[in-house]
Structures are given as C-alpha cells and as structure tokens.
Amino acid sequence: MKRIEALEVLNELTAELPVVVTCAATSRELASLENRYNHFYVLDSMGLVGSITTGLALAAKDSDLPKVIGIEGDGSLLVNPNVLPTGGFLGPEKLLLIVLDNKVYGSTAGLPTYSSRVDLGAIAEAAGWTVGRAADELQLRTEFDRLLTTSGPTLLHASIEAGNAADIPKLLVDPVVLAHRFQGWLSPRLARGSGTR
Ligand SMILES: [Mg+2]
C-alpha cells in the first residue's frame with residue numbers, strides 16, 4: 001500500500017471528523033486528494049500531531065464527535081514518542097492516531113527511522129493504547145471502523161511502502177489560514193452535545 005492509497009481510504013472515511021495531519025509529503029498528498037476544512041495540516045511542526053490530537057480529543061470528550069483523528073508518520077512520531085505514554089496516562093477516550101509507517105524519513109532521501117527495528121505499535125500497546133494493524137486498504141478500513149468505536153486512546157499502525165507520490169504540488173496556504181478555517185469547522189462540533197460550551 002502506497003501512502004497516497006492509504007490517504008485515499010482515510011479521506012473517504014473521515015469526511016465528518018477532525019483530521020490533524022503531519023507535515024511534508026503526507027499533508028501535500030492528502031491536500032492533493034481533497035483540501036477540506038476538517039483537515040488541519042501541521043506544516044513544519046514535525047512531531048506535534050499526537051500532542052494536538054490528544055488535546056483535541058480531551059476537549060471533544062462531551063461532544064458528539066466519535067473520535068479526533070491524527071495522521072502521523074513513523075519519523076514524526078519518533079520525534080515526540082512521549083505522545084504514547086501521555087495517551088496511556090491521560091486516557092483520552094476519543095483519540096485515534098493513525099501511523100503511516102514506511103520505516104524511513106520520506107522527505108529526507110529515505111533514511112531509515114528507528115521503526116525499521118522498533119515496533120511502534122508494541123510501544124503503544126505497552127503504554128495502554130488499543131492498537132490495530134493494517135498492511136492493505138481492506139485492513140485499513142476494517143481496523144479504522146473497529147477503533148472508531150473503541151473508547152480510549154487507539155492507534156492504527158498502517159504499514160506503507162517507502163516513497164512519495166509523483167507530481168504533488170506544494171501546499172503553500174498560510175498556516176494561519178489553515179488553523180483559522182479548521183477552528184471554524186471544529187468549534188461548533190465541539191460545542192454540540194456538551195450543553196456547556
Ligand atoms: Mg516515514
């Protein structure tokens with residue numbers, strides 16, 4: 001499964017969910033498929049998708065949203081692996097973090113990451129997350145659906161091929177604009193169901 005094939009599936013499954021996406025090729029490829037207001041592209045902030053989604057999942061606790069979705073890379077998660085024990089400690093019910101793991105730094109000449117020898121899913125399991133695994137599009141759909149209805153911090157470890165899709169344009173939208181439009185999409189959905197916001 002190529003990254004863009006995984007993103008096509010995830011884009012279809014997350015039309016009504018907040019989606020926080022890691023930087024570089026992953027953001028560009030998702031935006032090339034569909035550049036939607038429920039996407040928050042975390043440009044130039046490697047390693048922060050898990051932290052942002054943890055905070056949003058806690059904020060969404062009393063909303064009608066089933067999950068807050070993070071799309072991370074292996075290299076990016078390894079920049080900030082503290083996300084995993086933090087999730088185990090805080091136990092955000094509505095967190096679903098998807099790791100597209102190609103075992104390399106896709107934007108820096110394909111140098112290997114630690115995930116080429118270290119199982120990121122096993123680290124998450126040891127920290128108390130519910131973990132699903134996918135190696136093709138069908139498993140990705142099945143495990144996404146299962147974890148979407150599983151309470152607590154959930155991690156979907158998706159194995160993808162190394163390499164980036166060809167001819168994907170740069171994503172040059174101002175990050176301030178990206179944050180503003182995402183906030184506009186998310187705010188009413190966080191308020192819904194809580195009765196307090
Ligand atoms: Mg990678």
Side-chain angles (χ1 to χ4, degrees), residues 1-7 9-11 14 18-31 39-58 67-92 94-136 139-140 143-144 147 150 152-165 168 170-171 175 178-179:
M1 172 167 61
K2 297 180 189 305
R3 184 195 295 110
I4 200 157
E5 292 168 341
L7 290 171
V9 171
L10 295 173
N11 187 51
T14 58
V19 181
V20 182
V21 194
T22 191
C23 55
T26 308
S27 272
R28 287 197 295 274
E29 290 184 12
L30 180 60
H39 295 168
F40 182 33
Y41 307 105
V42 185
L43 305 181
D44 303 326
S45 298
M46 195 171 179
L48 289 184
V49 164
S51 301
I52 294 167
T53 48
T54 298
L56 292 178
L58 292 170
K67 287 281 184 186
V68 173
I69 310 298
I71 301 179
E72 250 309 15
D74 49 310
S76 187
L77 180 59
L78 285 160
V79 168
N80 183 16
N82 186 47
V83 160
L84 299 178
T86 300
F89 181 81
L90 295 175
K94 297 195 170 182
L95 176 55
L96 172 47
L97 186 62
I98 299 160
V99 183
L100 301 179
D101 188 351
N102 59 7
K103 305 186 188 307
V104 297
Y105 292 101
S107 297
T108 53
L111 295 168
T113 71
Y114 294 162
S115 81
S116 57
R117 297 188 199 169
V118 176
D119 183 344
L120 296 174
I123 296 176
E125 275 173 338
W129 295 53
T130 301
V131 174
R133 295 177 188 274
D136 59 35
Q139 290 172 347
L140 187 60
E143 288 301 278
F144 181 94
L147 295 177
T150 302
T154 53
L155 183 137
L156 177 42
H157 187 196
S159 297
I160 61 168
E161 297 170 25
N164 303 326
I168 301 294
K170 289 193 182 305
L171 186 54
L178 293 173

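Only this structure's heavy atoms are used, side chains among them; waters, hydrogens and symmetry mates stay out.
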Shortest non-hydrogen contact from [X] toward [Y]:
| X | Y | answer |
| --- | --- | --- |
| Val21 | Val49 | C-CG2, 3.6 Å |
| Gly50 | Leu97 | CA-CD1, 4.3 Å |
| Gly132 | Leu147 | N-CD1, 3.9 Å |
| Gly152 | Lys67 | O-NZ, 2.9 Å |
| Ala25 | Arg3 | CB-NH1, 3.7 Å |
| Ile4 | Glu29 | N-OE1, 3.4 Å |

Original post:
Can you check whether Ala135's main-chain N or O pairs, donor with acceptor, with Gln139's side chain at less than 3.5 Å?
Top reply: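 Looks like yes, one N/O pair under 3.5 Å.
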Subject >> Backbone N/O of Val104 and side chain of Asp74: donor-acceptor pair under 3.5 Å >> reply: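 Yes: the side chain of Asp74 pairs with the backbone of Val104.
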State, with a plain yes or no, whether a side-chain heavy atom of [X] is found less than 4.5 Å away from one of [Y].
| X | Y | result |
| --- | --- | --- |
| Phe40 | Val19 | no |
| Leu43 | Leu171 | yes |
| Leu96 | Phe144 | yes |
| Thr26 | Tyr41 | no |

**OP:** Can you run down the side-chain hydrogen bond (donor to acceptor under 3.5 Å, both in side chains) pairs that involve residues 94-105, sequence neighbours left out, and say none if there aren't any?
**Re:**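 Matches after skipping sequence neighbours: Asp101-Ser115, Asp101-His157.
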**OP:** Can you run down the side-chain hydrogen bond (donor to acceptor under 3.5 Å, both in side chains) pairs that involve residues 43-57, sequence neighbours left out, and say none if there aren't any?
**Re:**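 Of all non-adjacent pairs touching residues 43-57, those that pass side-chain hydrogen bond (donor to acceptor under 3.5 Å, both in side chains) are Ser51-Asn80.
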Interatomic spacing from [atom1] in [X] to [atom2] in [Y] - rounded to 0.5 Å:
| X | Y | atom1 | atom2 | answer |
| --- | --- | --- | --- | --- |
| Leu7 | Leu30 | CG | CG | 5.5 Å |
| Ile168 | Ser27 | CD1 | OG | 12.0 Å |
| Leu95 | Leu58 | CG | CG | 8.0 Å |
| Ile69 | Thr154 | CD1 | OG1 | 7.5 Å |
| Leu120 | Leu78 | CG | CG | 5.0 Å |
| Leu156 | Glu72 | CG | CD | 13.5 Å |

**OP:** Take Ile98 and Leu100 through the test side-chain contact (heavy atoms from CB on, under 4.5 Å) and record every step on the way to the result.
**Re:** CA-CA 6 Å; Ile98 299 160; Leu100 301 179; 4.1 Å; yes
**OP:** Decide side-chain contact (heavy atoms from CB on, under 4.5 Å) for His39 and Asn11; before the verdict, give the C-alpha distance in whole Å, the side-chain angles of both, and the deciding distance to 0.1 Å.
**Re:** CA-CA 10 Å; His39 295 168; Asn11 187 51; 3.5 Å; yes
**OP:** Determine, stepwise, if the pair Ser76 / Thr22 fulfils side-chain hydrogen bond (donor to acceptor under 3.5 Å, both in side chains).
**Re:** CA-CA 7 Å; Ser76 187; Thr22 191; 3.2 Å; yes
**OP:** Before giving the answer on side-chain contact (heavy atoms from CB on, under 4.5 Å), spell out for Leu178 and Val42 the whole-Å C-alpha distance, their side-chain angles and the decisive distance to 0.1 Å.
**Re:** CA-CA 9 Å; Leu178 293 173; Val42 185; over 6 Å; no
**OP:** Before giving the answer on side-chain contact (heavy atoms from CB on, under 4.5 Å), spell out for Leu140 and Leu10 the whole-Å C-alpha distance, their side-chain angles and the decisive distance to 0.1 Å.
**Re:** CA-CA 8 Å; Leu140 187 60; Leu10 295 173; 4.1 Å; yes
Subject >> All pairs passing salt bridge (charged side-chain N to carboxylate O under 4.0 Å, His left out) where residues 106-124 contributes a residue, at least two apart >> reply: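 As it turns out, the salt bridge (charged side-chain N to carboxylate O under 4.0 Å, His left out) pairs with a partner in residues 106-124, which skip direct neighbours, are Asp119-Arg133.
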